[in-house]
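Accompanying notes for the structure given below.
Chain identifiers are assigned alphabetically (A, B, ...) following the order of the sequence lines, protein sequences preceding nucleic acid strands; residue numbering begins at 1 within each chain. Only this structure's heavy atoms are used, side chains among them; waters, hydrogens and symmetry mates stay out.
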Amino acid sequence: MTEVRALNVDDTLSDDIVVDDNRVVMDVEDVSVYYGDFRAVRDVHMPVREHEITAMIGPSGCGKSTMLRSLNRMNDLIEGARVEGRITYQGIDLYGPKVDPVEVRRRIGMVFQKPNPFPKSIEENITFGPRIAGVPKSEFPELVERSLRSAAIWDEVKDRLKDSALGLSGGQQQRLCIARAIATTPDVLLMDEPCSALDPIATGRIEDLMQQLKDDYTIVIVTHNMQQAARVSDRCAFFTTEIDATNDRRTGQLVEYDRTDKIFSNPADERTENYVTGRFG
Amino acid sequence: MTLISPMVDKDKTAERVRARIESGGRDPKDIGFRWLMLATLLFSLLVLAVLVVDVVGDSWSVLSSRLGDFLANPLRSRSDEAGVFTGLRGTFWIGIFVICLSFPIGIGAAIYLEEYATDSWFTRLVDVNIRNLAGVPSVVYGILGFTIFVGLLDGPFGEDGAFGKTTVAGGLTLAVLSLPVVIITSAEAIRAVPQSLREAGYGVGATKWEVVRNHVLPYAAPGILTGTLLSLARALGEAAPLILVGAIRGRLGSNAGFFELGQLREQFTAMPILITEYATKPGDDWVPVTAAAIVILLLVVLGFNAVAVLLRNRFEAKREGK
Ligand SMILES: Nc1ncnc2c1ncn2[C@@H]1O[C@H](COP(=O)(O)OP(=O)(O)O)[C@@H](O)[C@H]1O
Ligand SMILES: [Mg+2]
């Protein structure tokens, strides 16, 4: 790693090689996800690298949420949902027979599209995850402050920790949900359109926050906002849908996965180019 | 576009627009419907009011002159001595059975059906059957109670059900009777819990039980409570099944105190039985006695409902995080 950096300063190597230095923490190999016998998304290859923000973009219905929810076995909650192919975390097959989905979700946390704080106090929102994971109560005050600070919401709520989380604004609720997710100290944070219900100011704060969180976490974010993907992500996966000739249903697929600057400046696939330049038909 | 007629009139002169906009919502159909709904509400309230006023009026001579006696005396055959003690006692213990058996079992079954069971032909069959059971006439539960509970309790010592016709049999029968309604209303309340709340719980690494215990049940609590307490109120008003499991319409052998556990293995009676008994006695002197007993039962049921409302408000306030 250091060697590559040194070479980079020397400016003798092209950028392409430099970026490959981060370790792959999650790997998606040849994955299709089904709801019953409907294949929602097919043939996805997408290594997720440590301390990077990986964005998934594409038109609505192309299977971004489906793919994201498969990464921490959230799709287990949907009856009939099924994953084919291999999704690994630290080299372990997440859909292996001995894997405990509860433990998976502790390591791979999730922030949802619509802010969904528990209808409890701000403090309890943070402490629920650690409490069930067996963290002693004595550590709670520090943990609450640290999590809320990391999510850049501490100053706004520090005097009302016992108040209901439902009294917060949408943007505050979403940052609380991020704080809740990082309170269990996961490795990877999955975010499904975390800003789609927020105004531009709140969105800006969450984007800034993601840049700070990158140092400690690996982030995978779904967004349908291309500017957002361009602003925040290091890598970008572009999905689209195509009609499956055999049953006339739309199946999502991965078109291109590459570094974000490449996707936005010099995409390999014409469909990507059409989408990112707004010429999507 | 040209095929669609405009929804707003073409006439856009200032007076015309003003006249339409400031019409004050005077759509005759809308107004008519509103009055009709109000009339139905007033009608139900009126019927209820007439009943209450009538019963309370009839009962007044008893309740005002000898309330203490009336509460302390058992079922008697002289109208100036008759009371509700034994009936109240039986109804109390039957209520305990319903609360202790049908609430936990019913809520547990509802949790299983909604949160654990996968959607299969078997669970659908169970679901349909529970719904059907809720519609089975209460007499049928009486027959069931007689054959199963009375028969079982009668055990080796009894002949002709003399030992089995106890408070236990009555309590078990009404617990079973209220079970389907408890399951259905609890399942409905659990189904109404937003999926996003469950996802939030699973998202931070909670197990299914932790999600149910910490998030689903507290959220569903107001709905579960309302449903279960209403089913309790209904069970306490049932007479038919109790007659079949042998509730006594005359003097009871024992004189156990209100809270004595020993009476569970003895003959019993209950408020609806006692009311039926008083109501069918000949003579005008029984009218105030019957009415007074009805008032007492109404108060018991209202008491339960008041508790239900209070608890529900508390849970709801909690759910909103107050
Ligand atoms: N719970 C579900 N059951 C069945 N089909 C689903 C379910 N969720 C999503 N789908 C289908 O899967 C496809 C991809 O959906 P989704 O992953 O939500 O897309 P995106 O997040 O990219 O908008 C869509 O065709 C959608 O209708
Ligand atoms: Mg989505």
Side-chain angles (χ1 to χ4, degrees), chain A residues 36 69 72-80 100-122 124-134 147 160 162-168 173 176-186 189-192, chain B residues 110-128 187 189-226 311-322:
Chain A
R69 293 165 59 92
N72 72 341
R73 300 206 38 180
M74 207 43 127
N75 260 357
D76 288 18
L77 306 185
I78 297 169
E79 237 169 274
D100 175 10
V102 170
E103 194 54 41
V104 170
R105 294 184 202 120
R106 270 184 200 156
R107 284 159 198 272
I108 307 173
M110 190 145 199
V111 176
F112 298 85
Q113 181 166 1
K114 210 174 125 238
N116 59 352
F118 299 128
K120 298 182 191 265
S121 75
I122 292 169
E124 284 172 286
N125 264 274
I126 304 295
T127 56
F128 176 70
R131 180 160 61 81
I132 56 177
S147 310
R160 47 197 280 214
K162 303 266 186 244
D163 291 4
S164 168
L166 300 184
L168 299 173
Q173 287 189 5
L176 177 66
C177 290
I178 294 174
R180 178 178 70 190
I182 52 192
T184 53
T185 55
L189 260 187
L190 309 177
M191 301 177 143
D192 192 350
Chain B
I111 293 173
Y112 180 80
L113 281 177
E114 289 304 314
E115 298 289 324
Y116 288 86
T118 48
D119 190 27
S120 66
W121 65 267
F122 180 72
T123 41
R124 254 169 293 171
L125 186 77
V126 169
D127 201 62
V128 167
I190 291 171
R191 204 171 309 149
V193 175
Q195 185 63 12
S196 63
L197 185 60
R198 294 188 182 89
E199 287 182 337
Y202 289 118
V204 293
T207 60
K208 184 159 259 185
W209 168 242
E210 283 158 351
V211 170
V212 169
R213 161 79 193 71
N214 292 288
H215 303 298
V216 174
L217 283 184
Y219 194 95
I224 291 178
L225 223 102
T226 314
L311 282 176
R312 194 189 60 204
N313 289 348
R314 251 196 64 192
F315 280 125
E316 256 168 10
K318 243 184 140 177
R319 182 161 95 184
E320 264 112 60
K322 276 169 212 140

note = Here the gap from A/D76 atom CG to B/K208 atom NZ, rounded to the nearest 0.5 Å, amounts to 9.5 Å
request  = Please report the closest heavy-atom contact between A/P119 and B/Y219, naming both atoms and the distance.
outcome  = CG-CD1, 4.3 Å
task = Check each atom of A/F118 against the heavy atoms of chain B and say whether the ones under 4.5 Å are side chain, backbone, both or neither.
result = both
note = All heavy atoms of A/F128 vs all of B/E210, minimum pair found to be CZ-O, 4.3 Å
ask   = Any side-chain heavy atom of A/R131 sitting closer than 4.5 Å to one from B/N214?
value = yes
query = B/V204 pairs by side-chain contact (heavy atoms from CB on, under 4.5 Å) with which of A/R180, A/M110, A/R106?
reply = A/R180
task = Kindly check if the number of other-residue, nucleotide or ligand heavy atoms within 6.0 Å of NZ (A/K114) is above 12?
result = no
message = Heavy-atom pairs under 4.5 Å with chain B: which of A/V104, A/L77, A/T184 has the most?
response = A/L77
ask   = In Å, rounded to the nearest 0.5 Å, how long is the span from OG of B/S120 to CD of A/E79?
value = 8.5 Å
ask   = Take atom CZ in B/R312; do more than 12 heavy atoms of anything else shown fall under 6.0 Å from it?
value = yes
query = Rounded to the nearest 0.5 Å, how far apart are OG1 of B/T207 and CD of A/E103?
reply = 12.0 Å
inquiry  = Around atom CZ of B/R314, are there more than 12 heavy atoms from other residues, nucleotides or ligands closer than 6.0 Å?
reply    = no
ask   = Taking all non-hydrogen atoms of both residues, which atom of A/R69 and which atom of B/E199 are closest, and how far apart?
value = NH1-OE2, 2.8 Å
Closest heavy-atom pair and its distance - B/P218, A/K120 = CG-NZ, 4.5 Å
